Amino acid sequence: MLDTLSGQPWLRPTLDVLRLLVFSGFVALGISAWRSAERRAVDRLLVYTLGVSLVVGLSQVEAWPFTNWALVHSLAPARLSSWEIEGIDAFGRVWPVDARILQPLAPEEFGAWMFARVPQLPTEGQARLGRFLLERAEAGRLRLRAGRPVGTNEVVLGPLAAPFHFQQKRVWSSAADVPETPFAAVEVRILEWDIEERRRDDARVKRRAFLRYPPG
Amino acid sequence: MSLRNRWAAFWHAPTSARNLAAARALLAGTALWIVLSRVDLPGLLSFPPEVWAGVSPARNARFFLGAPLLVERLLYGALHLALLAATFGVFPRVACFLGGLLLYHFAPFETIIRSPNPYLRGFTIPTLGLLILSFTRGTDALQWLPRRAAGTPPTLPGWPLRLIQVLFCQIYFFAGYAKLVTSGLAWPTVENVRRYLLGLNQGLATHPVSSLGYAVAELPWVCAFLGWAGLAFEFLFPLVLFSRMARLLLLPLALLFHAGNALLFRIFFPNIFLLLLFVDWDRPGSAS
């Protein structure tokens, strides 16, 4: 029954509207508590907020900003996959590209979207995404060579900027990490590995091409 | 004591104006720190349309998304101003209300192309907390502007701070609960913790082989300790709501817990400063 229900096209939009109503109820009760001098109005807000947050937490079904707080809660898989971007310069040399070029988007968010959506994109959609990545990589290269932050997150606070939830590796640290000439192409590659095999030999990672721009 | 009296004693005991003002500064300051660290968040709208194609109209409506980039940039600027004003007590109630609503609008930008649930990115507790503070007349406590003619009352309703503390405790409790509901007692086992230590460092560290996570993964008793002690800590953390002794023990442990998560698992907790919500700012060596 739950499977049948979850397959209904109207379910997700309906749930989004319901979640907006849940948040609206919180705000409405809050305003009511502020306008009324009565303790009863405050109690209504307290009961509602506690009730919603407990239902969300216990059911593990989000209604953000009331949320389930689940983190690394599944059993860790034996095999993992990830992704990387490489830039290719005019001489055909290959350079790793720093994922900070995607900021303000966190790499894990882009990766999750990319794995789920890119294979379904038509050719022109993939080309548009590839061109976007090439432009971003090139802009990041220019910023690095100019001595500026690679991504946008550190523009104001510099090294004091809040890191992403999952701390990311910094591929680029100096101008020597990028070519002097513009990137001519980019390639996204999928990385797959067995955790224990890679522990014994860090090179045991399978790489395969996922997206290249310009194609060819 | 009757249930009604217990309820009143827990929620309606007064707190000092200084504690409420500190909570306001902590929530707004934390949000401002993250906002300033995601200075181009509205720029996500300039990503290719394919990236946004999976965000349904209902989801856009839920978070009031859909305005042009220029409008979003102006609103993001307004969010900065609201958080700055809330942090420093300038028209604090209005600033908290606007800050909370604008955070509700902007926080999902961090994950919306994948999920409408941007928890653990740092904005969840500030969103709820700033709105809760705006719902009480006590929010004007210790305001700088406009100047209060009557001065600051010594005590104010304690329920807003209590409610924010309860919501903060849920982070830990439901993190532990989710592990048990999803994975059962297999979660804190040596094998599972070891795989997380290795896998997260392989995926996130520049040199996983020399990472601390790799070194710890080779020690089965440490893996078992991390699994069981971490789970116990998550379930026990809500005791800080009821016991001063628990606060003195669990708040420093929370710092250790997050430092361990950052060093071993490469997971950063952006609300770390909100642990200070439990400090009694009238007696800073104590806890509220």
Side-chain angles (χ1 to χ4, degrees), chain A residues 12-13 16-17 19-20 23 27 30-31 33-34 39 42 45-46 49-50 53 57 60 62 64-65 67-76 78 80 82 103-106 109 112-113 117 121 125 128-129 132 152-153 155-157 161-170 193 195 198-199 202, chain B residues 11-12 33-34 36-41 43-44 48 50-51 54 56 58-59 62 104 111 113-114 116-122 124 127-128 131-132 135-137 159 163 167 170-171 174-175 177-179 181-183 186-187 192 195-196 198-199 202-206 208-209 266-268 270:
Chain A
R12 282 172 184 263
D16 275 323
V17 173
R19 286 160 173 148
L20 173 60
F23 178 70
V27 174
I31 292 171
W34 181 77
R39 183 175 282 193
V42 171
L45 173 66
L46 292 172
T49 308
L50 287 176
S53 63
Q60 291 288 294
E62 65 90 12
W64 196 88
T67 190
N68 50 326
W69 297 117
L71 173 67
V72 290
H73 55 295
S74 307
L75 292 179
L80 287 178
S82 183
Q103 288 178 0
L105 195 61
E109 302 299 339
W113 171 84
R117 298 274 175 174
L121 289 180
R128 202 159 26 232
L129 179 67
F132 167 76
T152 54
N153 285 5
V155 165
V156 176
L157 297 180
F164 283 126
H165 182 54
F166 288 106
Q167 297 166 33
Q168 301 297 325
K169 62 183 90 172
R170 292 181 171 230
W193 68 91
I195 289 175
R198 187 172 173 185
R199 182 192 62 81
D202 200 46
Chain B
W11 291 108
H12 294 293
W33 176 47
I34 301 169
L36 287 171
S37 306
R38 310 284 182 266
V39 72
D40 191 34
L41 201 52
L44 271 167
E50 286 77 13
V51 174
S56 67
R59 190 145 294 170
R62 175 181 168 189
Y104 173 79
T111 61
I113 64 166
R114 177 187 61 87
N117 187 14
Y119 68 111
L120 290 168
R121 269 63 183 172
T124 304
T127 301
L128 290 168
L131 286 170
I132 288 166
F135 298 152
T136 173
R137 291 158 197 267
W159 66 265
L163 185 55
L167 293 171
Q170 290 180 350
I171 297 175
F174 285 125
Y177 171 84
K179 291 180 179 79
V181 161
T182 309
S183 305
W187 195 90
N192 190 49
R195 275 188 184 169
Y196 269 123
L198 295 174
Q202 287 166 354
L204 300 171
T206 308
V209 176
R266 308 193 65 78
I267 294 172
F268 175 71

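Please read all numbers here as calculations on a predicted model, not as lab measurements. Letters A, B, ... are given to chains in the order of the sequence lines, protein chains preceding strands, and every chain is numbered from 1.
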Practice prompt. Check each atom of A:V72 against the heavy atoms of chain B and say whether the ones under 4.5 Å are side chain, backbone, both or neither.
Written response: both

Worksheet entry | Residue selection (most heavy-atom pairs with chain A, distance under 4.5 Å) from B:P270, B:G43, B:G199 | B:G199

Worksheet entry | Donor-acceptor under 3.5 Å (B:S183 side chain, A:H73 main chain) | yes

Worksheet item: Does B:I171 offer a backbone N or O that forms a donor-acceptor pair with the side chain of B:Y119 under 3.5 Å?
Response: no

Worksheet item: So how far is it from A:L105 CG to B:D40 CG, rounded to the nearest 0.5 Å?
Response: 11.0 Å

Fill in: Top of B:Q202, B:R195, B:R114, B:R266 for chain A proximity - count of heavy-atom pairs under 4.5 angstrom
B:Q202

Practice prompt. Identify which part of B:A175 has an atom lying under 4.5 Å from any heavy atom of chain A, answering side chain, backbone, both or neither.
Written response: both

Response to the item:
Note: vs chain B, highest number of non-hydrogen pairs under 4.5 angstrom among A:V155, A:V27, A:V42, A:V17 is A:V42

Practice prompt. Pick whichever of B:L128, B:L131, B:T206 has the most heavy-atom pairs under 4.5 Å with chain A.
Written response: B:L128

Practice prompt. Select, from A:R19, A:R198, A:Q60, the one with the greatest count of heavy-atom pairs under 4.5 Å involving chain B.
Written response: A:R198

Worksheet item: So which part of A:I195 gets closer than 4.5 Å to some heavy atom of chain B, the side chain, the backbone, both or neither?
Response: both

Worksheet entry | Interface moiety of A:L121 toward chain B, non-hydrogen atoms closer than 4.5 Å | side chain

Item to complete: Just give me the residue among B:L167, B:T127, B:L120 that pairs up with chain A most often, heavy atom to heavy atom, under 4.5 Å.
Response: B:L120

Worksheet item: Is a donor on one side and an acceptor on the other found under 3.5 Å between the side chain of B:T182 and the backbone of B:K179?
Response: no

Worksheet item: If you measure from CZ on A:R39 to CG on A:L46, what distance do you get to the nearest 0.5 Å?
Response: 10.0 Å

Worksheet item: What part of B:P208 is in contact with chain A, defined as an atom under 4.5 angstrom from a non-hydrogen atom: side chain, backbone, both or neither?
Response: side chain

Discussion item. How long is the straight-line distance from CZ of A:F164 back to CZ of B:R38, given to the nearest 0.5 Å?
Written reply: 5.0 Å

Worksheet item: Roughly how far, to the nearest 0.5 Å, is CD1 of A:I31 from CZ of B:F135?
Response: 6.0 Å

Worksheet entry | chain A contact via B:W11 - side chain, backbone, both or neither, heavy atoms under 4.5 Å | side chain

Worksheet item: Rounded to the nearest 0.5 Å, how far does NZ of A:K169 lie from CG of B:L204?
Response: 7.5 Å

Worksheet item: When heavy-atom pairs shorter than 4.5 Å are enumerated against chain A, which of B:V181, B:L163, B:I132, B:V209 gives the highest number?
Response: B:L163

Discussion item. Using a 4.5 angstrom heavy-atom cutoff, name the option from A:S53, A:A106, A:S82 with the most pairs to chain B.
Written reply: A:S53

Worksheet entry | CA sep, side-chain torsions, deciding dist, call: B:R62, A:W64, side chain to side chain contact (heavy atoms under 4.5 Å, CB included) | CA-CA 10 Å; B:R62 175 181 168 189; A:W64 196 88; 3.8 Å; yes

Worksheet item: Which atoms of A:F23 come close to chain B, meaning under 4.5 Å heavy atom to heavy atom: side chain ones, backbone ones, both, or neither?
Response: side chain

Practice prompt. Take B:F174 and A:T67 through the test side chain to side chain contact (heavy atoms under 4.5 Å, CB included) and record every step on the way to the result.
Written response: CA-CA 9 Å; B:F174 285 125; A:T67 190; over 6 Å; no

Discussion item. Is B:Y177 close to chain A through its backbone or its side chain, or both, or neither, when contacts mean heavy atoms under 4.5 Å?
Written reply: side chain

Practice prompt. Measure distances from B:T124 to the heavy atoms of chain A and classify the residue's part below 4.5 Å as side chain, backbone, both or neither.
Written response: both

Practice prompt. Check for a donor-acceptor pair, side chain of A:Q103 on one end and backbone N or O of A:N153 on the other, with a separation under 3.5 Å.
Written response: yes

